[in-house]
Amino acid sequence: MTASFDLPHIAFYGRVADEALAMFDLDWAALAGKRVLDCPTGPSSLVAEAHARGVDMVGCDPIYAEGVDALRARGLADIEVVVARVEAHREKWDWAHYGDLEALRRKRAAALERFLADLAAGLPTGRYVTAALPHLPFPDGHFDLVLNGHLLFSYSARFSDTFLLDSLRELVRVSAGEVRVYPIQPFHLPAYVRDPRFGQLQAALEAEGVHWQVRKVPFQAQKGTDEMLVLRGP
Ligand SMILES: C[S@@+](CC[C@H](N)C(=O)[O-])C[C@H]1O[C@@H](n2cnc3c(N)ncnc32)[C@H](O)[C@@H]1O
């Protein structure tokens, strides 16, 4: 058994739009005319890139109130934390997409800067919202599509059964359509297998009438993470 990839804390670390769209098996055309929530968006540039294309997307994260300078410092520090971890586990990564470690670092820094450049304009208009699962400040069915990347299952070792269930329920509550969750393989497990609480979460949500489905996606950074969970409310 090889050591786990797990990180020391939930990283303020974000993807650029081409990765974020691929991990949710989306493209810009699929988002046209939709109201989308990306929760958490962290320092991902997805919301900024969506806005530039006229796509109505809101991003949320608990720490946006820290301000641009603190978020830049945190984001840059977390890029180094994650890149060092990736370097120690190179063999677990599919390098087809990134090429090498330096290209990965550059992509993360570009996402962070694009996000920061959009934040000051986007916070007052509600494009970015300071919010934390499992309670989101949006009405029922407010969005047509809700995305959840690299939080619930990636970092599930930190989360109680109740937090995971309540968070999935909350994402379903604010969506009038699908909720897409990526990945479904936790960082703390040595092999990238589905979260062991998957079955019990599925049973609990299906009992409430939520439709639960796992779909393949055309993306994997860590080998074996080419699946997302798709939920739809009753
Ligand atoms: C690794 S980033 C994911 C960013 C983006 N979705 C992506 O895939 O690139 C994880 C984010 O989750 C945020 N976070 C931590 N606790 C949270 C909570 N209870 N609710 C929502 N977001 C949370 C962190 O601040 C961090 O920015």
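Order of appearance sets the numbers: ligands from 1, and atoms from 1 within every ligand.
The neighbour count for H135 NE2, taken as heavy atoms of other residues, nucleotides or ligands under 6.0 Å away, does not exceed 12.
Across every non-hydrogen atom of C39 and C60, the tightest pair is SG-SG, 2.8 Å. V47 and M57 make their closest contact through CG1-O, 3.6 Å (heavy atoms, listed as atom of the first residue, atom of the second, distance).
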Check: every ligand 1 N/O to protein N/O pair under 3.5 Å:
from	atom 1	to	atom 2	distance (Å)
ligand 1	6 (N)	P40	O	2.7
ligand 1	6 (N)	G149	O	3.0
ligand 1	8 (O)	H150	ND1	2.9
ligand 1	9 (O)	R15	N	3.0
ligand 1	9 (O)	R15	NH1	3.1
ligand 1	19 (N)	L133	O	3.0
ligand 1	20 (N)	L133	N	2.8
ligand 1	25 (O)	D61	OD1	2.7
ligand 1	25 (O)	D61	OD2	3.4
ligand 1	27 (O)	D61	OD2	2.6

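Ring geometry for F138 against H142 counts as parallel: the plane angle stays under 30°, on a 0 to 90° scale with 60° as the upper cut. In this structure, F187 and H150 have parallel ring planes: the angle between them is below the 30° cut-off, well short of the 60° mark.
Evaluated for a side-chain contact (heavy atoms from CB on, under 4.5 Å) with L46, the options V36, L147, V16 yield exactly one hit, L147.
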